[in-house]
There are 2 protein chains.
Amino acid sequence: MDKQALFLKFIDFVTAVHQTTHAFTKGAKLEDVTPVQYKMLEYVAVSQPVTLSSVADCTHMSLPNTSRELKKLIQKGLCEKVADADDRRRQLIRLSDKGQQLMNGIFGHMLSQLEGRIGTLSGEKLKEIEQALDLLHDRVFRT
Amino acid sequence: MDKQALFLKFIDFVTAVHQTTHAFTKGAKLEDVTPVQYKMLEYVAVSQPVTLSSVADCTHMSLPNTSRELKKLIQKGLCEKVADADDRRRQLIRLSDKGQQLMNGIFGHMLSQLEGRIGTLSGEKLKEIEQALDLLHDRVFRT
DNA sequence: CCCTATAATTATCATATGATAACTACAGAG
DNA sequence: CTCTGTAGTTATCATATGATAATTATAGGG
């Protein structure tokens, strides 16, 4: 197999990943949260506590816009802000209890979707999947 | 490894895929094309010729909005529309020469990025990557 | 203490996007 | 031919998003 063919397979794969994640998050209720705000919540959920700057970097947003959207998330009661004791310019951001519950629900929904796809597989197959995830993460999708 | 741990690995992997594709398309010049328009172009490039309805379905957009954005793409000279001879309600959409060149450039840029990551690997390793892509596509990210 | 860089906020503007209603044109069934 | 469903268009509105300038507060070097 040449590089060209592998590239096509790569494109196809990436498209499928995007489709799948879209399908997974679809249906999870997101009352009042815009797409950009959801991206922020997801990042905070996985990496909390985080600074505003790191949210901006990781979501590829400008600092002013990140600040604006965070304010909305705080108004909705989904995030909390605490001044960093070591550097009082910095804000440490984390999910509030309500935000944590929201994200737990969404991750739970995604988990059940994933279960639906791999729930019936043997331990053997699951091991293969795990290894494939590791391999591609290392070789192709490392960040 | 339990399902919970595999789920975390899954989340991590998906995040890495999103980051990587963002990095890949970043830097490819996109003069005058908005994100949504790019999504449309990408779909048309891979699946052309396509109907407007299928574009709407596959990009998760409403038909009116898809129609509006397609009009802009045609104005920019990136897409072409031909009435279907069999069903004159339908429009067959494809890239124009200019649009094809644009997408060739972008795919070329992505290909070179991919080369940068896997270019030095042995045929053996490439085979492993190919198999991992196939496995995950079949078992986890099938659509 | 002064200077410069960093972290974040606020305000403002232009544009992109999403939702919806009302419409035209055509296909296919009966 | 009429009726109903499908494909697409146009117009309009509200909101989300992106870009940028100006400002505040604090850290850290010298």
Check: T59(B) side chain, M40(B) main-chain N or O, donor-acceptor pair, under 3.5 Å: no

Just the atom pairs and distances: protein N or O near nucleotides 28-30 of chain D's N or O, under 3.5 Å.
none

Between C1' of dT10(D) and NZ of K72(B), the distance in whole Å: 13 Å

Residue mapping more 5' on DNA chain D - nearest nucleotide basis, L70(B) or A85(A): L70(B)

Interatomic distance, D84(A) CG vs dA27(D) P [rounded to whole Å]: 10 Å

Polar side-chain atom of S67(B) near backbone of L63(B) as donor-acceptor pair, under 3.5 Å: no

Set of residues satisfying ring pair (Phe, Tyr, Trp, His ring centres under 6.0 Å) with respect to H60(A), sequence neighbours excluded: H22(B)

Separation of dA16(D) C1' from L73(A) CG (nearest whole Å): 13 Å

Under 4.0 angstrom between T34(B) side-chain N/O and dT15(C) OP1 or OP2: no

Distance, rounded to the nearest Å, where E69(A) contributes CD and dG18(D) contributes P: 9 Å

Between dC26(C) (C1') and L92(B) (CG): distance, integer Å: 15 Å

Exam field: side chain K81(A) to backbone L52(A), donor-acceptor pair closer than 3.5 Å: no

Single-linkage hydrophobic cluster, 4.5 Å side-chain cutoff, L41(A) and V82(A) together: no

Within residues 74-82 of chain B: residues closer than 4.0 Å to DNA chain C (heavy atoms): none

Value in whole Å for how far the P atom of dT17(C) lies from CE of M40(B): 10 Å

Between dT6(D) (C1') and R88(B) (CZ): distance, integer Å: 15 Å

Partners passing side-chain contact (heavy atoms from CB on, under 4.5 Å) against T20(B) (at least two apart in sequence or in another chain): F141(A), T143(A), F24(B), R117(B)

Short side-chain to backbone donor-acceptor contact, Q48(A) and L95(A), under 3.5 Å: yes

V50(B)-L92(B) co-clustered via ILVMFWY side chain contacts under 4.5 Å: no

Angle between terminal axes - the helix from dC1(C)-dG30(D) to dG30(C)-dC1(D), 5 pairs each end, rounded to 10°: 30°

Interface with DNA chain C, restricted to residues 52-68 of chain B and to heavy atoms under 4.0 Å: S62(B), P64(B), N65(B), R68(B)

Path from L8(B) to M103(A) over hydrophobic side-chain contacts below 4.5 Å: no

Salt bridge (charged side-chain N to carboxylate O under 4.0 Å, His left out) between E42(A) and K39(A), intermediate numbers included: CA-CA 5 Å; E42(A) 204 171 57; K39(A) 219 172 28 170; over 6 Å; no

Interatomic distance, K71(B) NZ vs dA7(D) C1' [rounded to whole Å]: 16 Å

Side-chain (K76(A)) to main-chain (D32(A)) donor-acceptor, under 3.5 angstrom: yes

Hydrophobic cluster membership, Y38(A) vs L78(A), 4.5 Å side-chain cutoff: yes

R142(A) side chain vs D138(A) backbone, donor-acceptor pair below 3.5 Å: yes

S47(B) (side chain) donor-acceptor with V44(B) (main chain) under 3.5 angstrom: no

